[in-house]
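Take a look at this one; I'll ask things after.
Starting from 1, each residue takes its place in the sequence as its number. What you are looking at is a predicted structure, and each value in this text was computed from that prediction instead of being measured.
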Amino acid sequence: MFERRTLITVALLALSCSKPSERRFFAGAPVVLISIDTLRADHLPLYGYRAVETPAIDELGRDGVVFDQAWSHCPMTLPSHVSMLTGELPTTHGVRNNLGFRYDAAKHPSLPQRLQSAGYATGAAVSSYVLRGETGLRDAFQWYDDAVDPAPGARFREYQRSGVTTTALAEKWVDSIGSRPFFLFLHLYEPHVPYDPPEPFRSRYANAYDGEIATADAIVGEFVRHLKQRGLYDNSIIIITSDHGEGLGDHGELQHSILLYTELIRVPLIVKLPRGEQKGTRAKSPAALVDLVPTIAALTGLQAEKSDGIDLFAKPPASRSIYSETIYPYVQLGWSDLRSMIEGPYHYIESSRPELYDLGSDPRERSDVIAEHRRDAARMRTELEKFPPATAGDTAISSEDAAKLAALGYVGSARQRGDPKSLPNPRDVIGMLEDIRIAYQLASQQRYAEAEKAMNALLAKNPRLVDLRVRLAEMFLDMGRTDDAIREYKAAIGGSGVFPSEIAASLADAYVQAGRLDDAGSAAEAAMAGSPDKARRVEVRIALARKDVARAAKIADQLPETAGDLLLRAEVRHAAGGFRDALQLIDQADGHAKSAGEKGIYGLEALRADILARTDHTAEAVSAYEKEISLFPNNRLAYARLTVLYFTTGDRAAVDRTLERMVRANPSRAAYELAARTMEAVEDVSAARRWRSRAPR
């Protein structure tokens with residue numbers, strides 16, 4: 001099968017490259033785009049770094065063309081990848097942040113869509129929740145694997161999966177498509193935070209970020225070996241790049257999204273052409289992520305279409321400006337947005353306090369030279385005016401829709417919130433991030449009183465810290481303070497510069513927990529346009545709360561075949577009394593999770609246990625509850641139901657022991673209140689009183 005594919009590709013190459021004087025292209029060549037998230041160019045040996053070894057990336061560099069100066073247009077995962085796949089700037093495709101925006105594949109066709117029309121199979125495997133198919137990216141591909149399914153209250157590391165798992169799925173897909181030419185988008189989340197490299201890289205590198213780079217390189221190496229084993233490597237176009245870099249404290253930002261200095265927007269770029277074409281060469285002219293689409297289109301013989309990028313293998317223009325932006329500080333932190341232009345040796349950064357750097361003499365951007373080069377700064381500022389600013393991202397809405405959004409806390413367009421240029425330059429207030437980090441750490445340690453105090457102090461200084469309000473709301477939900485959580489979610493929506501459908505969906509879920517089902521429905525309806533999957537999940541829970549199992553089933557069946565959505569369908573079947581069907585769906589969900597390398601799914605074993613208990617399989621139910629608790633010690637309801645089960649068997653010692661375990665693992669007032677309600681449910685009023693008396697103030 002693979003030999004046949006290779007012969008077909010070689011034949012096509014012979015036809016397309018028969019005249020040396022013409023521009024060479026490679027019709028039907030497999031195309032592989034590998035994006036290594038958060039990879040700084042200057043932390044690779046190919047770009048002069050000596051503290052890490054990357055043999056696989058080095059080999060691709062030797063076999064391909066290395067672009068010395070390649071730039072991202074946004075230091076955020078979703079906007080940057082949409083630019084990578086469409087050849088359009090964020091100002092063109094409209095996805096300008098991870099929060100509050102959704103890609104429209106119908107209005108902004110992508111490279112995989114164009115290649116599919118040319119007979120290619122198109123597939124993607126991604127490693128981060130940020131690139132979930134719900135963002136609209138799924139619509140650009142025939143196959144899209146995004147099985148990253150964080151549990152309620154999940155830690156950040158649970159919003160990603162190992163690149164080993166993602167790559168194995170990609171390899172399986174490549175093997176499944178037969179002799180067809182293909183386009184594969186493979187996304188690896190190493191070296192994104194949390195930096196936690198496996199052995200042997202953990203011990204080999206004192207710098208954990210570099211250890212994660214070495215991990216990603218090893219994954220790339222395994223994938224390249226797979227292509228070679230299948231006879232695909234030599235004839236493939238393979239691109240290695242990243243969506244953005246990482247701050248690592250160079251200008252005060254440890255991670256990314258907020259600033260626009262070179263450590264955050266300069267990315268690696270390697271293009272390996274078929275049959276060793278131009279191998280081992282370096283390109284000095286500036287390149288950008290929007291260039292990938294016109295370049296690959298030209299290499300594969302697609303008809304040229306309008307793009308914000310250029311063909312990197314055509315004659316480079318005499319001069320070029322490269323645009324970048326971030327509206328994250330404006331939308332989520334209440335600071336000025338940033339926009340920048342790289343032109344020649346200069347990097348101009350526009351904000352409430354503009355900056356200019358000479359990258360030729362000062363590549364690390366230590367000295368702001370705007371005072372000495374005001375004319376250059378003014379010229380580049382004029383160039384930036386061609387691009388719509390952050391406030392232009394708002395969509396006009398009807399008065400009826402405005403009233404609905406106002407009920408959720410949204411107060412109108414970004415323009416009504418004031419001029420972003422009156423807000424502080426993020427560089428000047430970046431030190432506040434350390435205080436935010438400490439507050440988050442207190443919350444994750446369940447030191448809730450200290451965390452609440454720290455967060456409220458920060459919000460008193462800056463009420464538009466949207467991310468902080470969301471984290472505070474999540475903490476309130478964990479504490480059982482649903483009304484407080486609702487208040488903070490609404491305040492977060494009101495403080496955003498764009499309508500954040502993701503937060504509206506979280507607000508809807510909080511309304512469900514509070515029993516305010518009409519309000520939950522309104523919030524879910526508002527979230528539907530931007531976060532349809534999340535909104536539908538809330539609608540399922542609303543229908544279940546209303547005992548409308550038929551409607552819940554109808555909505556649940558519209559959801560994708562992820563492990564979490566299969567489990568939600570199992571909940572619906574359980575509510576309808578279809579225990580056998582529910583158990584089958586639970587097993588399917590468990591299988592999906594295991595194939596994706598997940599340790600388990602929040603609530604899966606608890607639902608299995610509930611069904612087993614209801615069907616008189618008490619011992620098996622106990623085992624399932626215990627498994628749920630071992631996997632997810634924050635699932636308080638699992639402890640409570642296990643307690644009731646122990647009570648029905650007469651094991652009073654196990655009753656007390658289980659509730660003690662619950663409050664040790666979840667030392668919040670909500671846990672003690674649940675313990676009290678559990679004892680009330682089994683009519684032990686005195687025990688309930690004791691549990692309430694022990695609750696922390």
Side-chain angles (χ1 to χ4, degrees), residues 149 151-154 477 480 509 512-513 515 537-538 540-550 552-553 555-556 559 562-594 598-652 654-655 657-659 661-662 665-666 670-671 673-684:
D149 202 9
L477 284 179
D509 196 50
V512 172
Q513 295 183 49
R537 290 177 190 119
V538 177
V540 172
R541 301 204 177 281
I542 294 170
L544 288 175
R546 287 177 168 152
K547 311 298 184 186
D548 189 348
V549 179
I555 300 170
L559 291 168
T562 68
D565 291 321
L566 287 168
L567 182 60
L568 186 56
R569 292 179 197 172
E571 288 186 50
V572 175
R573 300 300 187 271
H574 170 265
F579 296 152
R580 180 179 297 179
D581 290 344
L583 287 172
Q584 289 177 348
L585 285 164
I586 288 170
D587 288 339
Q588 289 180 39
D590 198 25
H592 272 60
K594 286 184 170 61
E598 297 180 31
K599 66 176 183 178
I601 308 173
Y602 183 94
L604 183 144
E605 293 299 335
L607 183 60
R608 189 198 305 276
D610 189 53
I611 295 172
L612 291 169
R614 289 171 182 268
T615 54
D616 297 325
H617 294 82
T618 304
E620 295 96 324
V622 168
S623 297
Y625 277 130
E626 290 289 1
K627 184 175 181 180
E628 175 75 24
I629 290 168
S630 68
L631 289 171
F632 302 101
N634 62 327
N635 189 341
R636 297 191 297 261
L637 196 56
Y639 294 94
R641 289 178 174 170
L642 178 57
T643 298
V644 172
L645 196 58
Y646 278 135
F647 188 89
T648 62
T649 63
D651 191 345
R652 184 57 192 247
V655 166
R657 185 172 62 248
T658 303
L659 292 179
R661 290 164 60 198
M662 178 177 72
N666 301 273
E673 177 59 29
L674 180 57
R677 294 203 311 271
T678 302
M679 297 315 296
E680 286 173 343
V682 298
E683 300 182 349
D684 190 336

All N/O donor-acceptor pairs, side-chain side in residues 573-585, below 3.5 Å, sequence neighbours left out:
{"unit_1": "His574", "atom_1": "NE2", "unit_2": "Asp610", "atom_2": "OD2", "d": "2.8"}

* **Partner set under side-chain contact (heavy atoms from CB on, under 4.5 Å) for Ala606, not counting sequence neighbours** => Tyr625, Glu628, Asn635, Ala638

* Euclidean distance, Asn634 CG relative to Ile629 CD1, rounded to 0.5 Å -> 11.0 Å

* Structure fact -> With sequence neighbours left out, the residues meeting side chain to side chain donor-acceptor pair (under 3.5 Å) with Arg661 are Glu626

* Report the C-alpha distance between His592 and Thr562 in whole Å, list the side-chain angles of each, state the deciding distance to 0.1 Å, and finish with yes or no for side chain to side chain contact (heavy atoms under 4.5 Å, CB included). => CA-CA 7 Å; His592 272 60; Thr562 68; over 6 Å; no

* **Ala665: partners by side-chain contact (heavy atoms from CB on, under 4.5 Å), with sequence neighbours left out** => Pro633, Tyr639

* With sequence neighbours excluded, tell me which residues meet side chain to side chain donor-acceptor pair (under 3.5 Å) with Arg541. => Glu571

* Asked: Any idea which heavy atoms bring Leu637 and Leu674 closest together, and the distance?
  -> N-CD2, 4.1 Å

* Asked: Can you name the side chain to side chain donor-acceptor pair (under 3.5 Å) partners of Arg636, sequence neighbours left out?
  -> Asp478

* **Results of side-chain contact (heavy atoms from CB on, under 4.5 Å) for Ala589 - residues two or more places apart only** => Leu566, Leu567, Ile601, Leu604

* Listed by chain and number, what are the side-chain contact (heavy atoms from CB on, under 4.5 Å) partners of Ala545, not counting sequence neighbours? -> Leu517

* Structure fact -> Closest non-hydrogen atoms of Ala556 and Val540, given as atom of the first, atom of the second and distance, are N-CG2, 3.7 Å

* Structure fact -> Smallest heavy-atom separation, Ala671 atom then Met662 atom, equals O-CE, 3.2 Å

* To do: Using salt bridge (Lys or Arg N to Asp or Glu O under 4.0 Å) as the criterion, list what pairs up with Glu680, not counting sequence neighbours.
  => Arg692

* Step by step, work out the side chain to side chain contact (heavy atoms under 4.5 Å, CB included) result for Met679 and Val655. => CA-CA 9 Å; Met679 297 315 296; Val655 166; 4.0 Å; yes

* Are Arg641 and Val644 close enough that some pair of their side-chain heavy atoms sits under 4.5 Å apart? -> no

* Asked: Between Gly480 and Ala670, what is the shortest heavy-atom contact and its length?
  -> N-CB, 3.6 Å

* Glu605: partners by salt bridge (Lys or Arg N to Asp or Glu O under 4.0 Å), with sequence neighbours left out -> Arg608, Lys627

* Asked: Which residues pass the side chain to side chain donor-acceptor pair (under 3.5 Å) test with Thr648, sequence neighbours left out?
  -> none

* Asked: What heavy-atom pair brings Leu559 and Arg569 nearest, and what distance separates the two atoms?
  -> O-NH2, 2.6 Å

